[in-house]
Protein chains: 2
Amino acid sequence: MSSPPVFALDLESLIRAKSIATAVSASDSRPKISTKDRILNATEALFITRGFDGTSLRAITTDAAVNLAAVNYHFGSKEELFALVLTRRIDALNEQRLRRLDALEAKGLDSVYGVEQIIATLFLPALALARDEAHGGADFLRLLGRAYADPAPFVRSLLAERYAATNARFKAAFARSLPDLGGEDLSMRLHFILDSVAASLAADDVRRHLSGLKVSARTNDEDDLQFLVYLAPFLAAALRAAVRQPQQIAALRALTA
Amino acid sequence: MSSPPVFALDLESLIRAKSIATAVSASDSRPKISTKDRILNATEALFITRGFDGTSLRAITTDAAVNLAAVNYHFGSKEELFALVLTRRIDALNEQRLRRLDALEAKGLDSVYGVEQIIATLFLPALALARDEAHGGADFLRLLGRAYADPAPFVRSLLAERYAATNARFKAAFARSLPDLGGEDLSMRLHFILDSVAASLAADDVRRHLSGLKVSARTNDEDDLQFLVYLAPFLAAALRAAVRQPQQIAALRALTA
DNA sequence: TAGAAAATCAAACAATCGTTTGAATCAATC
DNA sequence: GATTGATTCAAACGATTGTTTGATTTTCTA
């Protein structure tokens, strides 16, 4: 590589904005990102917007400024690559969720706002990871949402396998704080909430709204708190809502008649 | 439901639920489904499980028992085919939603349960179409959910165009029934609810739970009512939840500290 | 510094993609 | 019953897919 081509490469990296993937001149002291990491980052970014089927290996290797064969050399196959992209995020999330749930149950739940606390335990790790640039930063939430909705069978089976244990733990925790809610009702509402949060976090305008909230925060903890203050009551009210109220039924019956 | 051969066909139609695409014997008097409709039905079924990028024209024409070239002959292109599959469902849904909203506003909303009534107005047309086999039957809800989550740019832009007007009308209706909720808060919660309902309805276990509820119903209206009694209070409670309660904030602050 | 291992490369692989072609077949009209 | 238009068909189009190859370069080790 001589000097003019290096210049051209640097320009292209500026245009592409995200992956600072491209090579730096020999005199530059900045640490060069490895080929594997450049591929992982480019894959993650493309998966977020285009999904598994919509992302080709050539699009990945082009964005990562890497040879096409590098994917199969370093990761084996397209599926193995995407599995690594997804698990490195999801596993970290679920580990922190379970750790926080352990701590919460050891300390004992608030008698009144226990449901809000469990909800917070579900969301605080996601918010923390979304602030950590090493875990994808703001794109972390979009990755979660897209993965949850991706139609590719490979993605769906991978998620089911990775979420099963964590979901069971949280369902049990909610059940203890919502004794009046039947197991069937709880299952449905919980599933509804998990689905919906994933979908909402992935949606553009919700995330824009959240980043608007963040501006006024002074610290990261205050930041997360504002988010929870916004979301937890909303979700807790939904979970706590009484089922089959006579007056409500009457108001609705007037519509279907 | 009379002679044995008809019985067998009825059974299969129950199992396959959707595309009766396959050929019938020449002596059968049943009207043969046209090539165009067989393609549309097969496309819808495949889109539900595999999305736009994951569905090939060859998979469609194989399931529809139709020549590969028939798609381009009858619909022009893959995108035009999918656009027709999506719009024939979504447009019918939004028309009925707006018609019901007109009727509700003309009659005047319930002073206490107005929010539940608007929510019901959002869901009753979806439930009615989900019961109408001519509009896709039970798969109609899955189609909505999958379309909402599909990553293909073509699908996303098509949905944005088709939903815009209806969403604006309903947001205005909610705003009148939730005067205490700021426009920003309403936007976020409403978007959250629409996203989540679409995601939940598309999820397998929620639909299974709903069909379990249906068994005990005697009529279709009673059927829809049970669904609403289940869902409307849940969503209305979420929309009505008070924002930024001091005690709630305190309970959450204990976690982030 | 010589040699071995790891990594990158251009090029091609077979398979599949959406689309097109032109002949064969069907259905309806005169 | 012949003719015309609509439809279906097998076959192939060029482009793109994931993957592999074998030579070349880079990196590390002895």
Side-chain angles (χ1 to χ4, degrees), chain A residues 1-2 5-6 8-9 12-13 19 21-28 31-43 46-47 50-86 150-155 158, chain B residues 21-24 26 31-43 46-47 50-86 150-155 158:
Chain A
M1 293 184 183
S2 48
V6 171
L9 276 176
E12 197 181 0
S13 77
S19 59
T22 51
V24 289
S25 66
S27 62
D28 199 320
K32 180 169 169 268
I33 302 175
S34 72
T35 296
K36 285 177 88 165
D37 284 338
R38 291 212 303 278
I39 293 175
L40 287 172
N41 292 340
T43 302
L46 284 168
F47 174 77
R50 299 299 318 269
F52 180 77
D53 287 326
T55 302
S56 70
L57 292 187
R58 280 168 180 82
I60 292 172
T61 54
T62 299
D63 279 19
V66 154
N67 187 273
L68 171 63
V71 168
N72 294 87
Y73 176 80
H74 285 287
F75 300 96
S77 68
K78 181 185 179 183
E79 287 199 358
E80 289 176 272
L81 166 62
F82 277 76
L84 207 60
V85 166
L86 293 175
D150 198 276
F154 155 73
V155 175
L158 184 136
Chain B
T22 49
V24 289
K32 181 166 169 272
I33 303 175
S34 73
T35 297
K36 284 178 89 165
D37 284 337
R38 290 213 304 277
I39 293 174
L40 287 172
N41 292 340
T43 302
L46 284 169
F47 174 77
R50 300 298 320 268
F52 180 78
D53 286 327
T55 301
S56 71
L57 291 187
R58 282 168 179 82
I60 292 172
T61 54
T62 298
D63 280 19
V66 155
N67 187 273
L68 171 63
V71 167
N72 293 88
Y73 176 78
H74 285 286
F75 301 96
S77 67
K78 181 185 179 183
E79 288 200 358
E80 288 175 272
L81 166 62
F82 277 76
L84 207 59
V85 166
L86 293 175
D150 198 274
F154 154 73
V155 175
L158 184 135

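Scope of the values below: all heavy atoms of this structure, side chains included, with no hydrogens, waters or symmetry mates. Chain naming here is simple, since letters A, B, ... match the order of the sequence lines and numbering starts at 1 in each.
Residue A:Thr35 holds its OG1 atom at 5.0 Å from NE2 of A:His74, rounded to the nearest 0.5 Å.
As a whole-Å value, the separation of B:Asn72 CG from D:dA11 C1' is 15 Å. Spacing between atom OH of A:Tyr73 and atom C1' of D:dT24 amounts to 13 Å, rounded to whole angstrom units. Atom CG in A:Leu81 sits about 15 Å away from atom P in D:dT17, given to the nearest Å. The nearest whole Å value for the distance from the CD atom in A:Glu79 to the C1' atom in D:dT19 is 13 Å. The distance between atom CD1 of B:Ile60 and atom P of C:dG18, rounded to the nearest whole Å, is 8 Å. Straight-line distance from the CZ atom of B:Phe75 to the P atom of D:dT7: 12 Å, rounded to whole Å. Rounded to an integer number of Å, the gap from A:Phe82 CZ to D:dT17 P is 12 Å.
Every side-chain contact (heavy atoms from CB on, under 4.5 Å) that B:Ala83 has, sequence neighbours left out, goes to B:Phe154, B:Leu158. Applying the side-chain contact (heavy atoms from CB on, under 4.5 Å) criterion to A:Leu84, with sequence neighbours excluded, gives A:Leu40, A:Phe75, A:Thr87. Taking B:Asp37 as the reference, B:Ser34 meet the side chain to side chain donor-acceptor pair (under 3.5 Å) condition, with sequence neighbours excluded. Applying the side chain to side chain donor-acceptor pair (under 3.5 Å) test to A:Ser77 and every residue at least two apart in sequence or in another chain returns A:Glu80. Partners of A:Tyr73 by ring-ring contact (aromatic ring centres under 6.0 Å, His included), not counting sequence neighbours: none found. The side-chain contact (heavy atoms from CB on, under 4.5 Å) check on A:Ala69 picks up A:Asn67, with sequence neighbours excluded.
A close approach under 4.0 Å does not occur between any side-chain nitrogen or oxygen of A:His74 and OP1 or OP2 of C:dA6. Residue B:Thr35 has a polar side-chain atom (N or O) positioned under 4.0 Å from OP1 or OP2 of D:dT8.
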Considering only nitrogen or oxygen atoms on both sides, find all protein atoms under 3.5 Å from nucleotides 11-17 of chain C and state each distance.
residue, atom, partner, partner atom, Å
C:dC17, OP1, B:Ser56, OG, 3.3

Parsed dot-bracket for DNA chain D after applying the Watson-Crick and G-U rules with both distances under 3.5 Å and | for other-strand partners is ||||||||||||||||||||||||||||||
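Contact of the A:Leu86 side chain with the A:Val155 side chain is registered, since non-hydrogen atoms from C-beta on lie closer than 4.5 Å.
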Should A:Lys78 and A:Ile60 be marked as a side-chain contact (heavy atoms from CB on, under 4.5 Å) after you check the CA-CA gap, both sets of side-chain angles, and the distance that decides it?
CA-CA 10 Å; A:Lys78 181 185 179 183; A:Ile60 292 172; 5.8 Å; no
